[in-house]
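What follows is a set of notes on a single structure, which appears directly below.
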Amino acid sequence: MPNKFIASRYSEQVQELLSQMTLEQKIGQMTQADRMTCTPAEVKHFHLGSVLSAAGSCPENNQPADWVRMNEEFWRASIEQTDEHLPIPILYGLDAIHGNNNVRGATIFPHNIGLGATRDLNLLRQVVDVSKKEILATGVDWVFAPNLGVARDYHWGRCYESFSEDPELVSDYADVIVTEYHKNLVTDGIVTCIKHWVGDGGTRYGLDQGDTNLSEEDLERLHIKPYHSALNAGAMTVMASFSSWNGDKCHAHHYLITQVLKQRMGFEGFVISDMQGIDYLADDFYQAVEKGVNAGIDMFMVPDNWKLFIEHLQSHVDMGTVSVERIDNAVSRILSVKFACGLFEKKCPAERRHSSSSTFGSAENRDVARNAVRKSLVLLKNDTNLLPLKREARVFVAGKNANNIGRQCGGFTLSWQGVSGNDPIEGGSSIWEGIHQYCPDSQLSETEHGTEADPAIHDVAIVVIGERPYAEGQGDVRDGVASINESGSLVQGQVNIVEAAGSSLELCHLHPEDIETIQNISNKGIPVVTILISGRPLVINPELALSDAFVAAWLPGSEGKGVAEVLFGDYDFAGSLSFSWPKHTHPTVNIGDQPYEPLFPYGYGLRYLDSERYKPKRKA
C-alpha cells in the first residue's frame, strides 16, 4: 500500500537520535501533559514528547494568535539544546473533531453523524481541507481524529462521533479523512490520530467505557474494519479505547494492541492512551503504568499526574518490570512519526505560513460548512408536501433549540460538554436567524413553548426541538442500574460511571417540553414542521404523529442558515440515514439484524423531487 506509514524509512535517523538519549529523555518522549499542567520550562526539563489541549483548555483570549504564541513557547523550549537536553520538537495535539472546535470564531461543522448522512466524499474532502487550515492557523500539528467508532446502540453518549452503524461507510470516510489531513504533510498537513482502539461503539447497552462482548470475528467485521482503511491511507497514530473487550481493558490489552494492531496489521506508528486512560487499569497507579506500557501503549496522555507517571515508569525500568527494549520500541515509534511529519524540518509555529491566517472562520470556510448542513439534513416526513415553504408564508418559530447556536453545535465545542446560547459562538447563525433572513416578518416565540401561536396570523410553525449538548458518558442514556452492574461485573479493572443524560431514548420522556411545544401549536390547527437537533436517532413516535413534516438535523454546527436554505426550497434535501431509526428504546436496531424492524430503514430520506410539482432553485 503506497500510503501506509513505513517506519523503516526513518530508521537511520531514529537510531542515531535514540543512541544519544538517556532513559529520562526516552521516558519524557513517552509523556504527554496538558498545557494547563505544565510550563515550557517543564517541557524542556522533563523532555516531554507532547503537550495537548483537552477540550476547553485554551490560552489567553482563545484567538488563533494566542494559540500560536503558546505553541511557539512550548516549541522553542522543546528544541533548545543543552548538555542535558536534546532538541526534539513536541507534537502538540488537540480534539478538533468538527472543525477546530476549541477556538473562538472557528467554523464548526456538523458532527460526524451528520456528515455520515451526506454520503458525499467530495464534500468530506472540503470539510477536512477547511478544518486543516483552521487547525494550522493555531500552530498545531496533531489532531485526535477521526473517530472510527461504529456506534451500534443509540444509548451511547458518543453516538454523534460515529459516522454510521455500517463499518463500510466508516471505512470509506476513514480513507478520505486521513488522506486529506496528510496531504502535503510536511508543509500543509496535520497528523491524524484514529480512535478509539477498539470496539467502543459496540459496548453492551451503549455504556460509555463499557464492555464489548463479541467474538473476534465480529469484532473484526464490525469494529476493526475501518482501521484497515485508515492505516492503508497513512494513519500514524492510534488512540486506545477506554472500553473493554470481553471483560479485558483495551488499555491493557497486549493481544489487541501489540499482536493484532502492531504485528498482524503491520502498524508501525505509535499508540497513545486516552485521557488518564491507564488510571482505570488497577487500583494502584504504579501497577496501572506497568500494565499500559507492557500492553504496547507508547505515549501516555496523563495531564493530571504526568510527573508521577514519569517517576513510576523510571522505577519499573529500574526494577525490571518494564524492559529497556519496550521503552526503546515505544520511543522509536514516536520519533519515526516526528520525522515522517517533518517536525525536525518545520519552522517554529510563529513563522509558519498558515499561522494566524486571516481565513480563519472566513465566509468562504462557512460556505463549506453551510453546504455540509444542507446535505446532512434528512427529511423523514412531508405530509401534503408542506415543505418547501414559501417566503411569503406567515411563519411562527418555536422550540428551545430554535435560537441557540451552542445547542446546534453540541458537545466538544469550546468546552468538553459544549455550550448553550448564541454569545459564546462567534460567527455563524442560529436556525431562527436563518429563517428570519428568508421571512423578515416571521415571529419567534418569546417563551420558546409556542403559546403565542395563532392560526389567524400564522400559516405554518417551525418547531426546533431535541437534545442539549453533552459529551462521552454524560451523554449516555441508561434505563437503570442493572445494565451498569452487569457490564461492570465483567470488566477487569475500574469502570468510570458518570451521571447520564437521561433514562429513555423516547424523546417525550427525555425532553417532555418538546412534545408540549408541538401540542401547543398543533392543537390550534397550525401545520407544524419539526426540526430535531440530536446526536442520535431518538424514539419520536408521538412527536412525528403530531408533525406535518419532520427533519432530522443532527448537530449541524455553527451555520444554522443552511437549515433554512433547504426548508425554503433553495436546495433539495440530500441526506440519507446512516443509522437505522428505532421504533422503540429497546431492542437496538442495525442493518443486518434479523428481524430488521426500524421505524425508518438505513438509507431512508425523502426528497422534494419525489413531488413532481417541485423543482429546486439550486442544485443540492
Side-chain angles (χ1 to χ4, degrees), residues 30-34 37 52 54-55 95 144 147 149 155-158 161 193 195-214 219 223 238-258 261 271-313 315-316 321-322 330 416-417 470-476 478 481 483-500:
M30 297 173 66
T31 307
Q32 183 186 66
D34 186 272
T37 63
L52 87 151
D95 274 308
F144 305 134
N147 191 325
H155 294 82
W156 188 34
R158 304 192 79 148
E161 295 184 60
C193 182
K195 59 185 187 182
H196 303 87
W197 181 259
V198 62
D200 52 343
T203 59
R204 293 169 65 87
Y205 307 110
L207 184 66
D208 190 50
Q209 303 185 23
D211 185 43
T212 297
N213 205 247
L214 288 176
L219 187 74
H223 300 287
V238 175
M239 186 180 293
S241 173
F242 270 114
S243 61
S244 302
W245 178 45
N246 293 336
D248 294 320
K249 288 276 191 181
C250 290
H251 268 72
H253 214 299
H254 183 272
Y255 177 72
L256 285 177
I257 295 174
T258 298
L261 178 62
V271 176
I272 183 170
S273 68
D274 204 340
M275 179 75 69
Q276 299 294 152
I278 60 169
D279 289 19
Y280 306 99
L281 301 183
D283 294 335
D284 182 2
F285 186 64
Y286 183 82
Q287 294 178 359
V289 170
E290 180 271 325
K291 287 177 178 288
V293 175
N294 284 333
I297 296 175
D298 305 301
M299 183 181 282
F300 290 79
M301 189 185 293
V302 280
D304 293 345
N305 52 4
W306 59 270
K307 290 180 182 177
L308 186 61
F309 168 80
I310 289 173
E311 178 184 322
H312 284 348
L313 185 50
S315 174
H316 277 297
T321 46
V322 173
W416 177 37
Q417 293 295 323
Y470 55 78
E472 301 187 29
Q474 292 184 42
D476 281 2
R478 308 187 203 113
V481 297
S483 59
I484 298 174
N485 293 337
E486 180 184 332
S487 295
S489 67
L490 301 174
V491 173
Q492 304 300 311
Q494 298 177 354
V495 178
N496 181 33
I497 301 298
V498 296
E499 185 176 353

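Only this structure's heavy atoms are used, side chains among them; waters, hydrogens and symmetry mates stay out. This is a predicted model, so every value here is computed, not measured.
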Under the rule for salt bridge (charged side-chain N to carboxylate O under 4.0 Å, His left out), what residues qualify as partners of Glu290, not counting sequence neighbours? none

As a quick check of understanding, evaluate side-chain contact (heavy atoms from CB on, under 4.5 Å) for Met301 and Phe144, giving each step before the final call. CA-CA 12 Å; Met301 189 185 293; Phe144 305 134; 4.0 Å; yes

Are Gln474 and Gln417 side-chain neighbours, meaning at least one heavy-atom pair lies under 4.5 Å? yes

By the salt bridge (Lys or Arg N to Asp or Glu O under 4.0 Å) test, which pairs, at least two apart or in different chains, include something from residues 241-255? none

Test side chain to side chain donor-acceptor pair (under 3.5 Å) applied to Tyr286 - qualifying residues, sequence neighbours left out: Ser315

With sequence neighbours left out, what residues match Trp197 under ring-ring contact (aromatic ring centres under 6.0 Å, His included)? Tyr227

Holding to side chain to side chain donor-acceptor pair (under 3.5 Å), I want the full list of residues that pass it with Ser243, two or more places apart in sequence or in another chain. Ser241

Mind checking what makes side chain to side chain contact (heavy atoms under 4.5 Å, CB included) contact with Asp34, not counting sequence neighbours? Met36, Thr37, Leu52, Ala54, Ser57, Pro303

For the atom pair OG (Ser273) and CZ (Phe309), what is the distance rounded to the nearest 0.5 Å? 7.5 Å

So Trp245 and Val198, do their side chains get closer than 4.5 Å, heavy atoms only? no

For Asp304, which residues count as a side chain to side chain contact (heavy atoms under 4.5 Å, CB included) partner, sequence neighbours excluded? Gln276

All side chain to side chain donor-acceptor pair (under 3.5 Å) counterparts of Glu161, not counting sequence neighbours: Asn147, Arg158

By side chain to side chain contact (heavy atoms under 4.5 Å, CB included), which residues pair with Gln287, not counting sequence neighbours? Ala282, Asp284

Quick one: list whatever passes salt bridge (charged side-chain N to carboxylate O under 4.0 Å, His left out) with Asp476, sequence neighbours left out. Arg478

Set of side chain to side chain contact (heavy atoms under 4.5 Å, CB included) partners for Ala330, sequence neighbours left out: Met30, Asp298, Arg326

Restricting to non-hydrogen atoms, name the atom on Ala471 and the atom on Trp416 that form the minimum distance, rounded to 0.1 Å. CB-O, 3.2 Å

Under the ring-ring contact (aromatic ring centres under 6.0 Å, His included) test, which residues partner His196, sequence neighbours left out? none

